Colleague: 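Quick one: the structure is below, and I'll ask about it shortly.
Quantities reported herein were computed from a predicted structural model and do not represent experimental measurements. Letters go in sequence order (proteins before strands), and every chain restarts at 1. All values below come from the heavy atoms of this structure, side chains included, with hydrogens, waters and symmetry mates left out.
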Amino acid sequence: MPELPEVETTCRGISPHLVNQTITQVIFRHKQLRWPIPIKALKDHLIDATITEVSRRAKYILIQVPTGTVVIHLGMSGTLRIVSATTPLRAHDHFDCILSSNKILRLNDPRRFGALLWLPNHHTLAQLENLGPEPLSTEFTATYLYQSAQKHRSPIKTFIMNQKVVVGVGNIYASESLFMAKIHPEYPANALSLTQYQDLHKAIQKVLGKAIKKGGTTLKDFCQSDGKPGYFSQELKVYDRQEEPCLSCQSPIHAIRLGQRSTYFCPRCQPLPSKFKRKKELLL
DNA sequence: ACTGGATCCTGATCGC
DNA sequence: TGCGATCAGGATCCAG
């Protein structure tokens with residue numbers, strides 16, 4: 001369940017269990033997630049190392065030890081939990097990090113779209129380079145979005161999900177933010193006005209900020225057993241609501257595929273000027 | 001340089 | 001009950 005708010009929540013949840021703990025053992029049960037796991041480097045650098053900090057960049061979780069950083073991405077299906085030695089193993093428990101407190105940081109990821117990487121101090125990691133600004137930071141502004149968009153004619157939804165533009169806007173929040181800003185997801189990025197980007201910028205921050213709060217409360221016990229997902233559904237205005245009435249105008253919510261991702265919007269609240277509508281014959 | 005599509009993998013769900 | 005098709009909260013890679 002790795003939307004940015006859950007990654008943030010995971011970070012906050014595991015951090016107190018990790019910081020100042022010494023790692024006594026690491027166990028690998030799979031050698032590859034999205035990329036091969038650098039098992040040897042992780043063993044060499046983690047065993048007997050003390051964790052100094054846990055932080056987040058984009059949807060990557062960063063666990064700092066004296067000689068470098070463990071970089072974890074949860075992909076589509078990953079979870080990180082704090083468990084005990086008696087917690088039974090489940091399918092897809094790929095990695096354990098055993099601490100001096102006897103607690104265990106356990107990574108589970110059925111689809112293995114996630115990542116477990118090692119970043120030595122003073123090195124760089126391609127995945128962490130060229131990332132756009134954090135959506136809740138002050139570098140992320142409406143003007144920045146507007147200017148970045150000028151050379152992109154791709155649909156606005158695809159544009160805001162591009163991590164080089166801004167990090168952390170996933171498939172759910174892209175649809176939700178565009179609904180709040182009353183912008184059609186297929187609107188070409190470079191056709192939107194600065195005013196529209198001001199609305200969109202505000203919407204992204206509002207939706208993500210609220211979701212982090214929700215994630216924080218709903219997942220507060222996520223590290224004990226299984227924090228139930230589905231808590232978003234109460235807040236979602238369009239996502240996964242195909243054919244249901246728009247909460248603002250009662251029109252049926254539409255669903256389309258955009259960039260191979262499910263996309264939801266209200267055709268009445270988020271109109272698309274006819275000049276931007278795609279013609280079927282052009283798609284063939 | 002940008003864009004869209006294919007791709008990695010397992011599991012849940014739905015129609016037949 | 002079983003089977004195949006489809007879809008899932010991500011993001012990289014590659015051809016055009």
Side-chain angles (χ1 to χ4, degrees), chain A residues 1-10 29-37 56-61 71-80 90-94 107-117 125-132 135 147-177 185-191 204 207-208 211-212 214-215 218-219 222 226-242 255-264 276 278 282-284:
Chain A
M1 296 85 209
E3 285 280 337
L4 183 132
E6 294 190 3
V7 177
E8 177 65 27
T9 304
T10 293
R29 300 189 187 83
H30 211 283
K31 61 181 185 198
Q32 170 140 0
L33 297 177
R34 181 185 185 86
W35 295 288
I37 297 172
R56 177 189 65 74
R57 170 71 173 113
K59 294 173 192 161
Y60 292 90
I61 292 166
V71 178
I72 297 174
H73 196 290
L74 301 175
M76 297 271 261
S77 59
T79 53
L80 267 181
R90 302 181 308 173
H92 314 298
D93 282 338
H94 303 310
L107 173 67
N108 182 285
D109 185 3
R111 292 178 73 179
R112 305 206 299 274
F113 281 6
L116 176 54
L117 301 169
L125 203 55
Q127 288 84 350
L128 297 177
E129 300 294 305
N130 307 316
L131 288 175
Q147 287 172 349
S148 309
Q150 294 315 302
K151 54 182 184 292
H152 290 267
R153 57 180 178 177
S154 52
I156 183 62
K157 175 172 178 260
T158 308
F159 177 70
I160 57 173
M161 288 179 67
N162 181 344
Q163 59 157 10
K164 288 180 187 165
V165 173
V166 57
V167 302
V169 181
N171 198 41
I172 291 176
Y173 296 123
S175 281
E176 294 297 312
S177 301
E186 287 185 293
Y187 221 110
N190 61 2
I204 289 172
V207 167
L208 283 179
I212 287 176
K214 281 281 165 182
T218 314
L219 289 181
F222 73 97
D226 42 356
K228 276 281 157 278
Y231 63 94
F232 285 139
S233 45
Q234 310 203 348
E235 301 291 333
L236 297 180
K237 306 282 194 275
V238 289
Y239 188 84
D240 207 20
R241 295 194 63 244
Q242 183 172 11
I256 57 173
R257 302 288 291 180
L258 214 49
Q260 324 215 146
R261 310 302 298 276
S262 304
T263 303
Y264 302 86
F276 297 130
R278 301 183 173 207
L282 292 179
L283 296 173
L284 296 176

Colleague: Taking only the side-chain nitrogens and oxygens of A:Gln163, find out if one of them lies under 4.0 Å from OP1 or OP2 of C:dT12.
Modeller: yes

Colleague: Assign A:Gly259 to base, sugar-phosphate, or nothing according to its heavy-atom contacts below 4.0 angstrom with the strands shown.
Modeller: nothing

Colleague: Among residues at least two apart in sequence or on other chains, which ones pass ring-ring contact (aromatic ring centres under 6.0 Å, His included) with A:Phe113?
Modeller: none

Colleague: Taking ring-ring contact (aromatic ring centres under 6.0 Å, His included) as the definition, give me every residue that meets it alongside A:His152, ordered by chain and number, with sequence neighbours left out.
Modeller: A:Phe159

Colleague: Dot-bracket notation for DNA chain B is requested: 5' to 3', Watson-Crick or G-U wobble pairs only, both distances under 3.5 Å, with ( ), [ ], | and . as defined.
Modeller: .|||||||.|||||||

Colleague: To the nearest Å, give me how far apart NZ (A:Lys214) and P (C:dG9) are.
Modeller: 21 Å

Colleague: Quick one: A:Lys157 NZ to C:dG10 P, roughly how many Å, whole number?
Modeller: 9 Å

Colleague: Closer to the 5' end of DNA chain C via nearest nucleotide, is it A:Trp35 or A:Arg257?
Modeller: A:Arg257

Colleague: Mind checking if A:Phe159 touches a base, just sugar-phosphate, or nothing, with heavy atoms under 4.0 Å?
Modeller: nothing

Colleague: Grab the CG-P distance between A:Leu116 and B:dC8 for me, whole Å please.
Modeller: 21 Å

Colleague: A:Arg56: which residues meet the salt bridge (Lys or Arg N to Asp or Glu O under 4.0 Å) condition with it, sequence neighbours left out?
Modeller: A:Glu8, A:Glu134

Colleague: Expressed in angstrom and rounded to an integer, what is the separation of A:Asn162 atom CG from B:dA1 atom C1'?
Modeller: 12 Å

Colleague: Checking A:Lys59 now: which residues fulfil side chain to side chain donor-acceptor pair (under 3.5 Å) with it, not counting sequence neighbours?
Modeller: none

Colleague: Base, sugar-phosphate alone, or nothing: which one does A:Arg34 contact when heavy atoms must sit under 4.0 Å apart?
Modeller: base

Colleague: Using a 4.0 Å heavy-atom cut-off across all strands, classify A:Arg261 as base, sugar-phosphate, or nothing.
Modeller: base

Colleague: Check the geometry between A:Phe113 and B:dC9 and answer yes if their rings are stacked (centres below 5.5 Å, planes below 30°), otherwise no.
Modeller: no

Colleague: Between A:Lys59 and C:dA11, is there a side-chain N or O to OP1/OP2 distance below 4.0 Å?
Modeller: yes

Colleague: Could I get a table of every N or O pair under 3.5 Å where one atom is in the protein and the other is in nucleotides 11-14 of chain B?
Modeller:
residue	atom	partner	partner atom	Å
B:dG11	OP1	A:His92	NE2	2.6

Colleague: Taking side-chain contact (heavy atoms from CB on, under 4.5 Å) as the definition, give me every residue that meets it alongside A:Pro155, ordered by chain and number, with sequence neighbours left out.
Modeller: A:Thr158, A:Leu258, A:Arg278

Colleague: If we only count heavy atoms from C-beta on, is the A:Asn108 to A:His92 side-chain gap below 4.5 Å?
Modeller: yes

Colleague: Is any side-chain N or O of A:Ser154 closer than 4.0 Å to OP1 or OP2 of B:dT3?
Modeller: yes

Colleague: Please check the phosphate of C:dG9 (OP1 and OP2 only) for any side-chain N or O of A:Tyr173 closer than 4.0 Å.
Modeller: no

Colleague: Counting only side-chain nitrogens and oxygens, does A:His73 get under 4.0 Å of the OP1 or OP2 atom of C:dG10?
Modeller: no

Colleague: Report the distance from atom CZ of A:Arg241 to atom OG of A:Ser175, rounding to the nearest 0.5 Å.
Modeller: 12.5 Å

Colleague: Can you measure A:Leu74 atom CG to B:dC9 atom P for me and round it to whole angstrom units?
Modeller: 19 Å

Colleague: Measure the distance from CE on A:Met76 to P on B:dT7 and round it to the nearest whole Å.
Modeller: 16 Å

Colleague: Who pairs with A:Gln242 by side-chain contact (heavy atoms from CB on, under 4.5 Å), at least two apart in sequence or on another chain?
Modeller: A:Ala255, A:Tyr264

Colleague: Whole angstrom is fine here: how far is it from CD1 in A:Ile172 over to P in C:dA11?
Modeller: 13 Å

Colleague: Say we look at B:dG5 and C:dC7: how far apart would their P atoms be, to the nearest angstrom?
Modeller: 15 Å

Colleague: Quick one: side-chain contact (heavy atoms from CB on, under 4.5 Å) partners of A:Arg29, sequence neighbours excluded?
Modeller: A:Ile27, A:Leu89, A:Asp93, A:Asp96, A:Arg106

Colleague: Is there a side-chain polar atom (N or O) of A:Gln127 under 4.0 Å from OP1 or OP2 of C:dT12?
Modeller: no

Colleague: Would A:Leu107 and A:Leu33 count as a side chain to side chain contact (heavy atoms under 4.5 Å, CB included) here? Give the steps.
Modeller: CA-CA 11 Å; A:Leu107 173 67; A:Leu33 297 177; 3.9 Å; yes

Colleague: Please report the distance, rounded to the nearest Å, between CZ in A:Arg112 and P in C:dA11.
Modeller: 19 Å

